[in-house]
Amino acid sequence: MTFHDAAARDFPPFSTDLCIKCNVCTTVCPVARVTDEFPGPKYVGPQAQRFRGPGVGRDDPDRTVDLCSGCGICTRACPAGVLIAETNNRARAAIVEERGSSLRNRLISDTDLIARFGVPLAPLTNIGLKNPLARWMGEKLLGVHRRGPLTTFARRTFTSWWKRRRGATALPVIADPARTVVYFHGCAVNAFEPDLGRDAVEVLERNGFTVIVPRQECCGLPFISNGLYGRARTKARRNLSSLAKFARAGYRIVGTSTSCTHALKAEYREMLDLSGADATAVADVTWDICELLLDLHDRGELDADFAPIAEPLLYHPPCQLKSHGIGTPAMDLFALIPELRAVDSDHDCCGAAGTYGLKVERWQIAQDVGAPLFDKVRASGAERAACDSETCRWQIEQSTGVPTVHPITILAESYRRADAGVGESWRRIV
Amino acid sequence: MPRADVVVIGAGLAGLSCAAELAERGARVFLAAKGMATTHWTHGGLDVASPAAAPTSRDGIRLLAAMKSHPYRILAADADASVAAHLARMASEGLEHIGSLDAPLTGIPTAIGSLRRAAILPLAQAAALGPWDGEGLLLVGFGRYRDAWAPYAARNLRHAQWPGGPSVVAAVEVDLPGLERLRNIAPHVLARMFQDPAWRTRALSAIADALPAGAWRIGLPAVLGLDAHAEVHADAECTLGHRVFEMASLPPSVPGLRLFEALRRRILASGGRIQVGFDVVEVERSGRRVIAIHTEAASRTLRIGGDAFVLATGGIGGAGIRARHDGTLVERVFGLPVAAPPRDRWFSDDPLRPHPLETAGIEVTDDLASPNLENVRVIGSSLSGMHYLDERCGDGVALASAHRAARSLAGTKAVAA
C-alpha cells in the first residue's frame with residue numbers, strides 16, 4: 001500500500017495502529033536476516049512509533065531505526081496495510097532533524113555536488129576512486145568504505161553530450177504529446193553512465209518519440225534515505241518547477257533509474273509531504289522506461305524488430321522497482337529478444353540501498369544481504385547481469401566482477417544488431 | 001500490463017493452491033495479494049475437518065456436509081483429490097507429510113500444553129501423533145527463547161485428559177551455543193541458524209547432553225530449518241537418538257513459512273506470476289463479467305486483465321470482509337453481497353465459544369461462482385457458513401474449494417486454450 005493511496009482512503013497518516021504484531025515483516029526483512037543489531041521492521045516501526053511524536057519524549061525510543069536500509073519489502077509484506085518502511089524513514093528524518101547529520105552523510109547524498117567536482121576532474125578523480133590508498137583515506141577520514149560500490153566518473157556529462165547534439169531542452173512549439181517524452185536522466189546517468197542515457201534516447205527515438213531533456217537536478221532520493229528531508233525538498237521543488245509544465249501539457253516523463261522515477265512518482269508526496277498540484281501532475285505522468293516500452297508493446301506500437309542475443313542473462317529487479325507496483329516490465333521486454341535467456345534473480349535485495357552499502361559501518365551488512373544474489377550471479381554463467389537501479393548495478397558488479405547493465409542497454413544492443421544485419425559481427429555505433 | 005487466463009486474489013492457502021493447480025494445468029495465472037496471508041501464522045499441518053464428534057477427517061466432512069449452509073455441502077466430493085494433490089505438491093518441494101482423511105484424529109500437544117486433534121501433519125510433526133508405546137514425552141525449550149516455554153507446556157500437559165498418551169511428561173531447557181549473545185531470538189532466526197551444519201552439530205549435541213535417560217519422544221520448538229528442513233530434522237533424530245517432532249508456537253510460524261515458500265515456488269516454476277504488496281483498488285466490469293482489476297501502484301494503477309477471477313481474500317479474520325460502522329459487512333474487492341448474522345448477533349458473551357460472525361461470507365453456486373458476477377469464483381474462508389476455528393475445517397475447505405475452482409475454470413474457455 002502506498003502512502004498517498006492510504007491518505008486518499010482516510011487512513012491516518014501513520015498507519016501503525018493497524019499493526020497486529022504478526023511479525024511477518026521481520027521474517028522478510030533483509031537487514032534483520034543478516035544482523036542481530038537490527039530488531040526488525042516491527043520493533044523500530046509500529047512498536048516504537050507509539051513512543052514518538054510531540055509530547056512523548058525527546059529521544060527516539062529506538063535509534064536502531066537508522067539500520068533500516070529503506071528497501072520497502074516490509075510494507076509490501078504487511079497483511080494489515082501498515083506503512084512500515086515509510087514510518088521508519090520519517091522516524092530517521094526526525095532523528096536527523098533533532099541531532100544533525102554526519103558530514104559523510106551530507107556529502108555522499110549530494111550527488112550533484114559530487115558530479116560538479118568529479119566530472120571536470122575526471123582523470124584525477126577516477127584515479128582516486130581506483131586507488132587503494134585514496135580509498136583507504138576515504139574510509140578513515142570520511143567513513144566511505146574502501147570497497148563500497150562506487151563507479152568512475154564519465155569524462156563528459158550526459159547533458160553536455162545532449163547540448164552538443166542540440167537536443168531539445170524546452171517545450172516545443174508544435175509537438176505531439178503522445179509521441180514526445182521528457183527524459184529524466186538522474187544524476188547517475190549524467191555523471192557516471194552517460195552511455196545508458198544515449199541508449200535510452202536511441203531506443204526512444206527508434207520508437208518514434210521525440211525526446212526532451214529539460215533542466216533537472218538529482219531527484220533527492222539520497223537525501224531522503226539519509227533523513228535529510230530539508231535538502232531533499234529543495235531538490236524536489238526545483239525538479240517539480242521544471243517538470244510540472246511538461247506534465248500539465250500532457251507529456252510523459254520517463255526515467256532510466258527506477259529509484260529516481262519512484263521518487264517522482266511516490267516519495268515526493270509520501271515522504272516529503274509535497275502534496276501540491278505540481279507533485280501530483282508530475283507523479284501521474286512519470287514512467288519507468290521499461291514500463292513505458294511495455295505499454296507501447298501492449299498497444300502494438302513497439303518496434304519489435306529485435307535481433308537475437310544468444311546469451312544467458314541474470315536479471316535482478318531492484319527493491320525500488322518493486323515499490324512501483326508495475327511488475328517486472330524488463331523481463332517482459334527481454335522475452336521479445338530472440339535467444340536471450342533472461343532469468344529473474346528471485347532474490348530480495350542486493351544490499352546497496354543507495355548510499356547504505358557505501359558506509360563503513362553498513363558495508364558488511366550490505367554485502368551479507370546481497371551474498372545469495374552474488375552467488376546466483378556467479379553461478380548463472382552469464383557474462384553480464386542486468387538491473388534497473390544504478391547503485392544496485394554497481395553493488396552487483398563490484399561484488400561479483402560480472403558487468404551489470406541496465407535492461408535498456410540490452411534492448412539498444414539488440415536493435416543495433418538488427419540494423420547491422422544478422423550474421424555480421426556486431427560493432428557498437430556511437 | 002499483465003493479462004492472465006485467471007487472476008487469483010489472495011495469497012493464503014486457498015489462493016496459493018488454486019494458483020498452483022491452475023498453473024500446473026497450463027493456465028496463465030496471475031496471483032495478486034495486498035500482503036502476506038495467514039500461512040505465516042498457522043501450525044503447518046492440515047485441519048481438514050475435526051468437529052468434536054468426528055473420529056476421522058472423513059467423518060468430520062460428512063458431519064459438516066450435512067449442515068444446511070456449510071461449504072462442505074458442495075465441496076465434500078473434492079476433499080480426497082484436493083488433499084492428495086496438496087500432499088503431492090508438498091512432497092515435490094521436500095515437505096513430506098503423513099496421514100490421510102481416514103487416519104484417526106489424535107490429540108497432539110501444543111506449545112501451551114493443551115491438546116489439539118490432528119491427522120495430517122508434516123513429517124517433522126508426525127511423532128506427536130499416537131499411539132504412544134510407553135514412551136515418555138520430553139519437551140525441550142531453549143534458554144532465552146521466550147516463544148515456546150517447555151516447562152509451562154509440560155505442566156499443563158500433565159493435567160490434560162490424554163488417553164493413550166505418553167507415560168510421563170517432562171521438560172528440559174537447553175542453552176544453545178551463541179544464543180546468549182543474541183538480542184533478537186525469533187523462530188525464523190533460530191530456523192536460519194539450524195540451516196548452518198556446523199552450528200547445528202553443536203546445538204544438537206548440547207540438546208543431546210541435556211537429555212535424561214529413558215525412552216522419549218522429543219518435542220522441539222518448530223524451528224528446524226527452512227529449505228534444509230528435512231535434513232535438519234533427520235540430523236536431529238539421528239543425533240538425539242529418539243523420535244523428534246516440531247511444535248509450532250507464536251507467529252511467525254516456521255512450518256507456515258515453509259508452506260508458503262513451497263507453494264510460491266510451485267507457482268513460479270509452473271509459469272505463474274505473483275505480486276504481493278498491492279491492494280485491489282478498482283474493478284472493471286462488463287455486464288455481469290469482470291474484465292480487469294487494478295492494483296494500487298506508485299502513481300497510476302496496474303491493470304491486470306483476465307478471463308476469470310478467483311476471490312481468495314479471506315473472511316472477517318483475513319480482512320477479505322470488513323465490518324462498517326453502519327452495521328453492514330462488505331466484501332472488499334468486488335463488493336459481493338455478504339451473508340452474515342444480523343447486527344444484534346455480532347456480539348458473543350463467551351470468548352471461548354464459536355463467534356457468530358465467523359460464518360460471514362459469500363454465498364456461491366455449486367461451482368463456487370458468485371451469483372452476481374459470472375466469471376468470479378469464491379474460495380477459502382471467503383465462503384460463508386463455517387465456524388472454521390471450532391470445526392477445524394479451514395485448511396480442508398481452502399484446498400477443496402481451490403481444487404473445485406481450478407477444475408471448473410480449467411473446463412472453461414479461459415483455460416482450455
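A, B, ... follow the sequence lines: proteins, then strands. Residue 1 opens every chain. All values derive from a computational prediction rather than experimental measurement.
Within the 4.5 angstrom heavy-atom criterion, only side-chain atoms of A:Glu291, from C-beta onward, approach chain B. Contact annotation for A:Cys78: only backbone heavy atoms (N, CA, C, O) come within less than 4.5 Å of a heavy atom of chain B. For B:Pro252, the parts lying near chain A are the backbone and the side chain together; criterion is any non-hydrogen pair under 4.5 Å. Residue contact with chain B, scored on non-hydrogen atoms closer than 4.5 Å, involves the backbone of A:Phe38 exclusively. For B:Ile304, no part sits under 4.5 Å from any heavy atom of chain A, backbone or side chain. Heavy-atom distances place the side chain of A:Asp295, and not its backbone, under 4.5 Å from chain B.
Residue A:Gly325 comes nearest to B:Phe278 through the heavy atom pair CA-CZ, 3.4 Å, listed as atom of the first residue, atom of the second, then distance. Among all heavy-atom pairs drawn from B:Ala297 and A:His324, the shortest one is CB-O, 3.2 Å. For the pair A:Thr286 and B:Ser299, the tightest heavy-atom approach, listed with the atom from each and the gap, is O-OG, 4.1 Å.
Note: A:Asp284 leads A:Val28, A:Thr280, A:Asp284 in heavy-atom pairs under 4.5 Å with chain B. Annotation: maximal heavy-atom pairing with chain A below 4.5 Å, among B:Gln275, B:Arg3, B:Arg300, B:His40, occurs at B:Arg300. Of the listed residues (A:Ile326, A:Leu294, A:Thr26), the greatest number of heavy-atom pairs within a distance under 4.5 Å of chain B belongs to A:Thr26.
Residues B:Pro251 and A:Asn23 form no side-chain contact, since every pair of their non-hydrogen atoms from C-beta on lies 4.5 Å or further apart. Counting only heavy atoms from C-beta outward, the side chains of B:Met36 and A:Thr27 never approach each other to under 4.5 Å.
Atoms CG and NZ, from B:Leu250 and A:Lys21 in turn, are 14.5 Å apart once rounded to the nearest 0.5 Å.
Proximity to chain A among residues 179-192 of chain B is limited to B:Arg181, B:Leu182, B:Arg183, B:Asn184, B:His188, B:Arg192, judged by heavy-atom separations below 4.5 angstrom.
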Could you please spell out the steps behind the salt bridge (Lys or Arg N to Asp or Glu O under 4.0 Å) verdict for A:Asp346 and B:Arg265? CA-CA 10 Å; A:Asp346 195 21; B:Arg265 280 197 306 256; over 6 Å; no
Quick one: do A:Ile20 and B:Trp41 satisfy side chain to side chain contact (heavy atoms under 4.5 Å, CB included)? Show the steps, please. CA-CA 12 Å; A:Ile20 54 171; B:Trp41 316 333; 3.6 Å; yes
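Enclosure of atom OH in A:Tyr315 by more than 12 non-hydrogen atoms of other residues, nucleotides or ligands within 6.0 angstrom is indicated. No more than 12 heavy atoms of other residues, nucleotides or ligands lie within 6.0 Å of CZ in B:Arg146, so this atom counts as exposed by the packing criterion.
In this structure, A:Asp344 does not pair ionically with B:Arg273, as no charged nitrogen and carboxylate oxygen lie closer than 4.0 Å.
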